[in-house]
Each structure stands twice: as C-alpha cells, then as structure tokens.
Amino acid sequence: MRSWQVERRKRTRHLIELGGLIVKAGIVDLIGDDRATILGALLWMADKLKSDQGERARALWAAKGKQALEADTATHIDRTVSAVRR
C-alpha cells in the first residue's frame with residue numbers, strides 16, 4: 001500500500017472517531033442531526049478556549065470527558081462479563 005493511502009486511512013479513522021464522540025455525547029439525538037448547530041457549538045468552544053477562560057474550560061471539559069470515558073469503559077466491561085456468564 002502506498003504511503004498516501006496509509007495516511008488517508010489514518011486520517012479517515014481519526015475523523016470517524018471524532019464524529020463518534022459527538023454521537024457518544026448524545027448531541028445528535030438532542031438536536032436531531034442539525035449540523036449547523038453542531039458546528040456553532042464547536043465554534044463557541046473554540047472561542048471559549050481562545051479566551052482568558054480557556055485553561056479553566058479545558059480543565060473542566062477534560063475532567064468531565066475522562067469521567068464519561070471511564071464510566072463507558074466500566075459499563076462496557078460489565079456488559080461483556082454479563083454476556084459471558086449467560
């Protein structure tokens with residue numbers, strides 16, 4: 001496989017994973033797949049990160065995200081164990 005194909009696949013996977021985060025956060029369900037609203041929210045986040053409150057926002061959002069990812073991992077493990085026991 002050519003190097004540009006490898007890089008393209010890496011980029012595609014990365015973009016899919018980022019989109020998955022939007023779904024995992026429940027945003028798509030909450031706003032009915034309104035892409036303008038999603039983009040607006042992301043632009044608001046970027047503005048917030050550029051502001052004098054950026055570091056505080058980043059820390060709060062990172063903590064909340066880590067907590068959610070850990071909870072999701074624990075739930076996934078619980079479901080897997082339950083399925084194996086059946």
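Here the CZ atom belonging to Arg9 is positioned 12.0 Å from the CZ atom belonging to Arg13, to the nearest 0.5 angstrom. Put simply, OG1 on Thr12 and CD on Glu7 are 11.0 Å apart, with the number rounded to the nearest 0.5 Å. For the atom pair NZ of Lys10 and CG of Leu15, the computed distance is 14.0 Å after rounding to the nearest 0.5 Å.
With contacts defined as side-chain heavy-atom distances shorter than 4.5 Å, the pair Leu18/Ile22 does not qualify.
Residues Trp44 and Ile27 share a single hydrophobic cluster, defined by chaining ILVMFWY side chains whose heavy atoms lie under 4.5 Å apart. Both Leu49 and Ile38 are part of a single hydrophobic cluster, where members link through side-chain heavy atoms under 4.5 Å apart. In the hydrophobic clustering of this structure, Val28 groups with Ile31; members are Ile, Leu, Val, Met, Phe, Trp, Tyr whose side-chain heavy atoms approach within less than 4.5 Å, directly or through other members. Residues Val23 and Leu42 share a hydrophobic cluster, clusters being chains of Ile/Leu/Val/Met/Phe/Trp/Tyr side chains in contact below 4.5 Å.
When the side-chain hydrogen bond (donor to acceptor under 3.5 Å, both in side chains) test is applied to Thr37, the partners found at least two apart in sequence or on another chain are Asp34. Listed by chain and residue number, Asp33 satisfy the salt bridge (Lys or Arg N to Asp or Glu O under 4.0 Å) test with Arg35 (two or more places apart in sequence, or in another chain).
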### Task
Kindly indicate, with the supporting measurements, whether the criterion side-chain contact (heavy atoms from CB on, under 4.5 Å) is fulfilled by Leu21 and Glu17.
CA-CA 7 Å; Leu21 293 174; Glu17 289 171 351; over 6 Å; no

### Task
Step by step, work out the salt bridge (Lys or Arg N to Asp or Glu O under 4.0 Å) result for Glu70 and Lys66.
CA-CA 6 Å; Glu70 288 170 2; Lys66 286 176 186 175; over 6 Å; no

